[in-house]
Colleague: 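Quick one: this structure, given as structure tokens, is what I'll be asking you about.
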Amino acid sequence: MKGISKKLIEAIAKSENEQFAEETEKKVAALVSLAVEDLSKTVPFISVQNCLLQPVNETFNGAITPDSEFIYFLGFESPQIELNCVQYNDGWKKFKERLIYAWNASKRKKKKKRRKKGEPQELAVTAYEYQDAGKYNLGALKEDLQKAFVKNLTTTSIVYNQERYLRVIGRDEFGSKTQIYIYPCIMDGNDFKFFISRKKGFYTINFENRVKFLNEKMEKVGENFLSMIKILNTMFRNTRNSSIPNQIFIESLLYNTPDELFEGSDIYEVFIKIVNFLNMTDVSQFKSILNADMKISEDKATKSNQIAFVKFLGSLNEIN
């Protein structure tokens with residue numbers, strides 16, 4: 001890839017913003033604490049004591065760069081919400097059945113009827129029509145968290161409610177380019193559980209092995225391991241459409257890379273050795289850093305980036 005120079009690689013490896021990262025972490029923790037405290041006043045099974053804010057991306061291992069996003073799982077210990085999610089799934093099934101019935105009924109010939117003045121208009125059927133008002137699930141929790149975040153931020157901040165997470169952009173609170181992603185989920189022991197309605201169940205992720213394997217690799221190869229995470233994160237982020245590299249995927253690649261390739265004081269030469277190794281290796285056979293019994297091509301937490309990363313590696317062939 002043209003434009004990738006030794007100077008650039010060295011600059012990325014040396015880049016750090018530890019003080020900024022620490023301040024951001026404190027601000028995010030304070031925002032979440034205030035929001036959960038507000039919710040605990042109206043939701044009986046939510047409290048500050050039964051939730052955990054877990055760093056997920058670069059903040060998890062300390063490989064922070066100026067371009068790093070701050071990604072967190074916000075886990076709640078709540079069997080009731082977990083149960084309500086499953087029951088909501090039944091409501092969604094009923095909604096789909098009703099939707100099919102309404103579609104078939106709309107095909108039948110019928111006379112048009114003009115609505116009389118003052119007559120209430122028939123409302124469209126929605127998924128929420130079949131959700132028991134008393135069933136408080138992760139979707140409702142995410143909406144309430146969004147409102148609580150907005151309440152505790154300045155008017156210049158924006159909180160986006162995405163499909164599985166809340167994205168916070170707070171120019172005054174966190175800085176103009178800082179991106180914060182918070183994924184509400186269920187916490188069961190050391191497991192973080194995400195409800196996937198189309199799969200009719202939960203997807204579970206556990207970080208115990210990740211902590212263990214990262215520490216093992218760091219003890220063996222030293223700081224060059226974190227430097228390589230910084231470099232691959234930064235370069236991968238700048239060569240694909242999505243702004244968030246799959247951190248667990250990249251960690252898995254480097255964890256499976258032979259220890260001797262990390263040796264050397266010249267980080268550019270280390271980078272060349274590792275890129276050449278990855279280019280000549282079927283990375284799909286590497287083990288996931290979350291589960292040594294599972295390949296990265298099989299683990300849901302890592303397989304989403306595999307094709308994109310292979311293309312990215314191919315684009316580095318011009319490095320010399």
Side-chain angles (χ1 to χ4, degrees), residues 1 4 6 8-16 21 55-65 67-69 71 205-240 242 244-317 319:
M1 177 185 291
I4 299 181
K6 181 175 181 178
L8 173 62
I9 297 302
E10 290 175 344
I12 296 173
K14 293 177 181 178
S15 64
E16 62 180 32
V56 174
N57 231 38
E58 292 100 321
T59 48
F60 185 89
N61 55 36
I64 301 291
T65 70
D67 292 327
S68 293
E69 280 98 356
I71 303 176
I205 187 168
N206 185 300
F207 289 145
E208 287 184 291
N209 283 332
R210 185 185 180 193
V211 173
K212 174 185 174 183
F213 294 150
L214 284 175
N215 286 336
E216 287 179 357
K217 196 71 171 183
M218 280 288 294
E219 289 179 5
K220 292 179 181 178
V221 305
E223 289 296 321
N224 280 350
F225 182 72
L226 288 184
S227 294
M228 284 303 304
I229 293 179
K230 288 182 182 181
I231 293 168
L232 292 183
N233 272 342
T234 301
M235 297 181 67
F236 192 27
R237 178 182 285 118
N238 292 329
T239 56
R240 63 191 300 259
S242 175
I244 307 177
N246 188 321
Q247 179 72 38
I248 298 172
F249 176 84
I250 291 176
E251 289 173 5
S252 297
L253 291 181
L254 294 175
Y255 176 75
N256 284 271
T257 298
D259 296 344
E260 59 269 19
L261 296 183
F262 290 90
E263 295 177 359
S265 58
D266 189 326
I267 193 61
Y268 184 73
E269 291 183 359
V270 172
F271 171 69
I272 296 296
K273 288 188 294 183
I274 291 177
V275 167
N276 286 336
F277 167 77
L278 295 175
N279 258 318
M280 295 185 295
T281 308
D282 182 4
V283 298
S284 67
Q285 301 303 306
F286 283 179
K287 303 298 183 182
S288 169
I289 200 166
L290 297 180
N291 186 348
D293 296 325
M294 188 176 290
K295 299 175 183 177
I296 60 174
S297 57
E298 300 169 337
D299 192 341
K300 292 180 181 179
T302 56
K303 67 179 182 179
S304 63
N305 260 175
Q306 185 177 333
I307 296 176
F309 196 84
V310 169
K311 291 181 178 178
F312 161 68
L313 287 176
S315 71
L316 300 179
N317 284 333
I319 294 179

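Everything quoted here is computed from the prediction, not taken from an experiment. Every heavy atom of this structure was used, including side-chain atoms; hydrogens, water molecules and symmetry mates were not.
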Colleague: Which heavy atom of A63 sits nearest to which heavy atom of L226, and what is that distance?
Modeller: CB-O, 4.0 Å

Colleague: Could you work out, with side chain to side chain donor-acceptor pair (under 3.5 Å) as the rule, every residue matching T65, not counting sequence neighbours?
Modeller: S68

Colleague: For V283 and L253, which heavy atoms make the closest approach, and how far apart are they?
Modeller: CB-CD2, 3.6 Å

Colleague: The criterion is ring pair (Phe, Tyr, Trp, His ring centres under 6.0 Å); which residues satisfy it with Y255, sequence neighbours excluded?
Modeller: F213

Colleague: Can you list everything that forms a side chain to side chain contact (heavy atoms under 4.5 Å, CB included) with S288? Sequence neighbours excluded, please.
Modeller: S252, L290, I296, D299, T302

Colleague: Atom CD1 in I289, atom CD1 in I250: separation rounded to 0.5 Å?
Modeller: 11.5 Å

Colleague: Less than 4.5 Å apart, side chain to side chain, heavy atoms only: is that true for Q247 and V56?
Modeller: no

Colleague: Mind checking the CG-CD spacing from N233 to E251? Nearest 0.5 Å is all I need.
Modeller: 8.0 Å

Colleague: List in chain and number order the residues that pass side chain to side chain donor-acceptor pair (under 3.5 Å) with N209, two or more places apart in sequence or in another chain; answer none if no residue qualifies.
Modeller: none

Colleague: What is the distance from atom CD of E69 to atom CD1 of I64, rounded to the nearest 0.5 Å?
Modeller: 10.5 Å

Colleague: Decide yes or no for M228 and T257: does some side-chain heavy atom of the first lie under 4.5 Å from some side-chain heavy atom of the second?
Modeller: no

Colleague: Can you tell me which residue pairs pass the side-chain hydrogen bond (donor to acceptor under 3.5 Å, both in side chains) test with a partner in residues 218-230, sequence neighbours excluded?
Modeller: none

Colleague: In Å, rounded to the nearest 0.5 Å, how long is the span from CD of E10 to CG of L8?
Modeller: 10.0 Å

Colleague: Please work out whether the ring planes of F225 and F262 are parallel, tilted or perpendicular, with thresholds of 30° and 60°.
Modeller: tilted

Colleague: Please report the interatomic distance CD1(I267) to CD1(I272), rounded to the nearest 0.5 Å.
Modeller: 11.0 Å

Colleague: Output the distance between atom CD1 (I231) and atom CZ (F271), rounded to the nearest 0.5 Å.
Modeller: 6.5 Å

Colleague: Does K6 have any salt bridge (charged side-chain N to carboxylate O under 4.0 Å, His left out) partners at least two apart in sequence or in another chain, and if so, which?
Modeller: D266

Colleague: Only counting residues at least two apart or in another chain, list the ones meeting side chain to side chain donor-acceptor pair (under 3.5 Å) with K287.
Modeller: none

Colleague: Which residues satisfy the side chain to side chain donor-acceptor pair (under 3.5 Å) test with Q285, sequence neighbours excluded?
Modeller: K295

Colleague: E263: what forms a side chain to side chain contact (heavy atoms under 4.5 Å, CB included) with it, not counting sequence neighbours?
Modeller: E260

Colleague: Side-chain contact test, heavy atoms from C-beta onward, threshold under 4.5 Å: evaluate it for L278 versus F286 and give yes or no.
Modeller: yes

Colleague: Evaluate the side chain to side chain contact (heavy atoms under 4.5 Å, CB included) criterion for residues I71 and F60: first the C-alpha distance (whole Å), next the side-chain angles of each, then the deciding distance (0.1 Å), finally the verdict.
Modeller: CA-CA 9 Å; I71 303 176; F60 185 89; over 6 Å; no

